[in-house]
Protein chains: 2
Amino acid sequence: MELYSNYTQYLVAVDCIVFGYDIIEKELKLLLIKRSFEPMKGSWSLAGGFVEEMESLDDAASRILRTLTGLERIYLKQSFTYGEKERDPGARVISTAYCALIALRDINKEPAVNSEAHWRSIAGLPDLIFDHSLMVNKALSDLQNQIKAKPVGFELLPEKFTLVQMQELYAAIYQKQIDKRNFRKKILSMGILEKLDEKERETSKKGAYYYKFNKERYEKLEQNGFYFNLDVS
Amino acid sequence: MELYSNYTQYLVAVDCIVFGYDIIEKELKLLLIKRSFEPMKGSWSLAGGFVEEMESLDDAASRILRTLTGLERIYLKQSFTYGEKERDPGARVISTAYCALIALRDINKEPAVNSEAHWRSIAGLPDLIFDHSLMVNKALSDLQNQIKAKPVGFELLPEKFTLVQMQELYAAIYQKQIDKRNFRKKILSMGILEKLDEKERETSKKGAYYYKFNKERYEKLEQNGFYFNLDVS
DNA sequence: ATTTTAAATGTACATCTTACACTTAAAAAA
DNA sequence: TTTTTTAAGTGTAAGATGTACATTTAAAAT
């Protein structure tokens, strides 16, 4: 490039913070990789990679997520860019973190998961390379804020879910107990869930009604000034 | 660098979205630059520049802001990173936007302002180069959300300010009218303002009491689980 | 028929939000 | 010295929302 020719160029990376919700264990997990190259080969790391010439940052994040999990069309959102001089001892690398949410039952069905990828409970994470722990802490705290104000939680649930399951998801992300009646009252009063005739019968004799998220209804309400708000006691 | 040697490097820039509040005109303004080099020389642009080898992204943003306005120790926050392939026709440039807030009465006192820098009201901005309008829209919308939940508004007011001035600031940022009694009730009930004995006498015969923000008090309350919340009717 | 298990439900009280109009202080003008 | 003018300052009632809390219901298993 002849323009801007006096300026230094740098490696640009993306790192993916992939949160997976395990509906069975009722736990939020994080996708970690055993690093296969130097520096810090063998340490725990986020799923990351360098941005290629023909792709945008968003494209790079999608590609890396797809390569590692086989999943596409996942809620994937830019989090924050880390540009400290010495953050990577191998070279000056500017890295943009992306945050993804996955329902773990989906990924278990997928074959093409990188064999060096592991799901680890967010309670009790190992040390991560470079500034990756920082990235995770920021992303988790952003997720907690976001899930209050946008219906991103539905990305972590199967299409049909019970209110108990939804409540367990929120409890796992906030890491606290939630009052059942108030939670139900609040989410049902928004009018964005559809009650199905079918019941989930695995966890109880009585069975719990399935619901599904009515996205069209939500979008219509949002246009009319409605705010999703699921702050929790 | 010998590690990571197969990957392409890119130019990395920061662009500063500098909002200035004009307490006289009661208007939020944006700092724009007439671009002095190709491509798009002569067009309106944000204050930007390339990241140098010895500085972090944050450092680069501070340096650029200082160079253009002479101001230091300004509230300066990373906003978002723009990495589309063709966003800059001159070269592949990854740019991280930063957002700064300034009280315009402060900057008027400063001498070292770049002569190609201009303050323009956010109502009625000109077209900006590349994706800079996008950057501004996102930053403004983030500012509106942030100022609800954190006391960043005080960065835009002089140390001593009247409640009317504070209300005008919020009205300028939200671009809407605010009920005087409710606004006062809400902000005063937080217990983070100190009423001074002194009055501002320029705008009224009666005079309006000055207040100041008690930052220590705010931080203590915040530690105890208090949330600043200045949602506006 | 009885027991067991988890799902489903309602209410009272406190807190917060919202809409709304008159009084007060002080300078300027008459 | 009175009157006028201007912007600052103040309160309340009604409605909406948040919170704490315990019993009943459905259905399978014994």
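The chains referred to below are lettered A, B, ... by the order of the sequence lines, with proteins before strands, and numbering in each begins at 1.
Residue contacts for A:Thr203: at a heavy-atom cut-off of 4.0 Å it reaches the sugar-phosphate backbone alone, with no base atom in range.
Checking B:Ser204 against A:Lys180, the closest nucleotide of DNA chain D that is more toward the 5' end is the one next to B:Ser204. Of the two residues near DNA chain C, A:Ala208 and B:Arg201, the one whose nearest nucleotide lies more 5' is A:Ala208.
Under 4.0 Å is where a charged nitrogen must lie from a carboxylate oxygen, and between B:Arg63 and B:Asp59 no such pair does. Ion pairing between a basic and an acidic side chain is recognised when a charged N comes within 4.0 Å of a carboxylate O; B:Glu155 and B:Lys150 show no such pairing.
The base of D:dT12 sits with one of its N or O atoms less than 3.5 Å from a complementary donor or acceptor on the side chain of B:Lys185. One N or O donor and one acceptor, one from the side chain of B:Arg181 and one from the base of C:dA21, sit under 3.5 Å apart. Side-chain atoms of B:Lys206 and base atoms of D:dT6 include no donor and acceptor less than 3.5 Å apart.
A donor-acceptor pair shorter than 3.5 Å can be found between the side chains of A:Tyr98 and A:Asp58.
Aromatic rings from B:Tyr209 and B:Tyr211 are positioned such that their centres are separated by 6.0 Å or more.
Here D:dA20 presents its P atom at 13 Å from CD of A:Gln177, a figure rounded to the nearest Å.
For A:Lys205, whose side chain is taken as the heavy atoms from C-beta onward, the closest listed nucleotide among D:dA26, C:dA19, C:dT4 is C:dT4.
Note on B:Arg184: a side-chain N or O is less than 4.0 Å away from OP1 or OP2 of D:dG9.
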